[in-house]
Colleague: 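I'd like to ask you about the structure that follows.
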Amino acid sequence: MWYVVQVETGREKTACDDIKQAADDVLDECFVPQYLTGKRRPDGTWIPSKERLFPGYLICVTSQVDELADKLRRVRSLTKILGNDNAFIPLTEDERAWVQKVTQKDQRTVGESVGYMEDGKLVIVEGPLKGREDWVRKVNHRKRLAYLEMPMGGRTVRAQAGLQMVSKTQGKLLDREKCEVSRRTR
């Protein structure tokens, strides 16, 4: 089962390393989901980078959640498994399937999506957000970011993901021919 662990924002990687060290025998995997994005330099060049997908959260995969919770009490970083008073709540099958589909076990990084606006509505033609347009609350064209509200561990969490906006004609061309528009539009 996959569980969301809440940690101090900005210390996700440190907390993940601490958890791996303290609970390696009960963990199948512990990771900080990331997304691809970038920064534009003043000269106009785009520098790719990775950012945290869910600031303040990481994901632990285990079949022994009670043992993991006991071991988390010994971790120096402030951590807690999300749940209600009676039990810890694992990710739903849909949430887990989405993360598995858009990332790989060795590298839990969500790629950049490509979309366009049509009649004031966002249409995503390629990438991990395709079919998940309802999660997008806001788009920043200049920073190539989508601001999301998505279900995660029984809650709605805010996240960001890379989203390159293209013109509608380029978007349809991209969908039809599966060509890479990003090289032509940069």
Side-chain angles (χ1 to χ4, degrees), residues 1-7 9-10 12-13 15-16 19-20 23 26-38 48-65 68-69 72 79-84 87-118 121-141 143-166 171 174-175 178 180-182:
M1 301 297 274
W2 291 37
Y3 296 91
V4 177
V5 178
Q6 188 173 16
V7 299
T9 302
E12 295 88 354
K13 181 68 177 143
C16 191
I19 291 169
K20 285 178 185 176
V26 297
L27 275 178
D28 294 329
E29 186 179 5
C30 181
F31 62 93
V32 179
Q34 297 181 321
Y35 69 93
L36 289 176
T37 187
S49 67
K50 294 179 184 179
E51 298 292 332
R52 296 177 313 268
L53 183 62
F54 308 114
Y57 299 95
L58 53 90
I59 296 176
C60 289
V61 181
T62 185
S63 58
Q64 304 170 28
V65 69
L68 176 62
L72 285 181
T79 59
K80 77 174 188 178
I81 299 176
L82 295 186
N84 59 24
F88 299 116
I89 301 172
L91 294 181
T92 65
E93 183 63 31
D94 185 47
E95 294 165 349
R96 185 188 58 76
W98 182 78
V99 174
Q100 280 186 311
K101 178 182 169 187
V102 301
T103 65
Q104 298 166 353
K105 186 170 182 172
D106 300 346
Q107 180 180 329
R108 296 292 187 179
T109 304
V110 176
E112 187 176 56
S113 297
V114 177
Y116 62 90
M117 296 299 286
E118 180 175 32
K121 189 173 181 180
L122 176 65
V123 178
I124 298 176
V125 294
E126 183 181 279
L129 295 178
K130 184 175 181 178
R132 306 289 182 157
E133 289 88 349
D134 57 323
W135 289 354
V136 179
R137 296 295 172 249
K138 182 178 168 185
V139 175
N140 186 324
H141 297 268
K143 292 185 178 181
R144 293 168 48 167
L145 285 177
Y147 297 91
L148 312 172
E149 284 185 5
M150 58 191 293
M152 188 62 60
R155 298 178 179 194
T156 299
V157 297
R158 292 181 181 199
Q160 296 176 6
L163 176 62
Q164 179 184 1
M165 298 299 288
V166 295
L174 175 71
D175 198 27
K178 301 291 184 201
E180 190 169 313
V181 174
S182 60

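Just so we're clear, the structure is a prediction, and the values are computed from it rather than from any experiment.
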Colleague: Closer than 4.0 angstrom, basic N to acidic O: yes or no for Arg132 and Asp94?
Modeller: yes

Colleague: side-chain hydrogen bond (donor to acceptor under 3.5 Å, both in side chains) with Gln107: which residues, sequence neighbours excluded?
Modeller: none

Colleague: Answer yes when Arg96 and Glu93 have at least one side-chain N-carboxylate O distance shorter than 4.0 Å, and no when they do not.
Modeller: yes

Colleague: For Thr103, what residues pass the side-chain hydrogen bond (donor to acceptor under 3.5 Å, both in side chains) criterion, not counting sequence neighbours?
Modeller: Arg108

Colleague: Run the ring-centre check on Phe31 versus Trp2 and record whether the distance is less than 6.0 Å.
Modeller: yes

Colleague: What's the shortest heavy-atom distance between Ser63 and Asp28, and which atoms?
Modeller: N-OD2, 4.3 Å

Colleague: I want to check something: taking the side chain as every heavy atom from C-beta on, are Pro151 and Glu95 in contact at a cut-off of under 4.5 Å?
Modeller: yes

Colleague: Going through the distances and angles, do Met165 and Leu122 end up as a side chain to side chain contact (heavy atoms under 4.5 Å, CB included)?
Modeller: CA-CA 9 Å; Met165 298 299 288; Leu122 176 65; 3.7 Å; yes

Colleague: What are the two closest heavy atoms between Pro128 and Trp98, and how far apart are they?
Modeller: O-NE1, 3.1 Å

Colleague: List the atom of Leu36, the atom of Gly111, and the distance in Å for their closest heavy-atom pair.
Modeller: CD1-CA, 4.0 Å

Colleague: Report the residues that fulfil side chain to side chain contact (heavy atoms under 4.5 Å, CB included) with Lys13, sequence neighbours left out, ordered by chain and then residue number.
Modeller: Asp17

Colleague: Using only heavy-atom distances, determine whether the side chains of Tyr57 and Glu12 contain a donor-acceptor pair under 3.5 Å.
Modeller: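 Not at all, the side chains of Tyr57 and Glu12 share no donor-acceptor pair under 3.5 Å.
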
Colleague: Taking the side chain as C-beta and beyond, is there a heavy-atom pair between Val114 and Ile124 under 4.5 Å?
Modeller: no

Colleague: So with a 6.0 Å cut-off around CZ of Arg158, is the heavy-atom count from everything else above 12?
Modeller: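 No - once you tally the heavy atoms of other residues, nucleotides and ligands closer than 6.0 Å, there are 12 at most.
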
Colleague: Would you say that Ile19 contacts Leu72 through its side chain, given a criterion of any heavy-atom pair below 4.5 Å between the two side chains?
Modeller: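 The answer is yes; the side chains approach within 4.5 Å.
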
Colleague: Measuring only between side-chain heavy atoms, which start at C-beta, is Thr37 closer than 4.5 Å to Lys50?
Modeller: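 Of all side-chain heavy-atom pairs linking Lys50 with Thr37, none is under 4.5 Å.
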
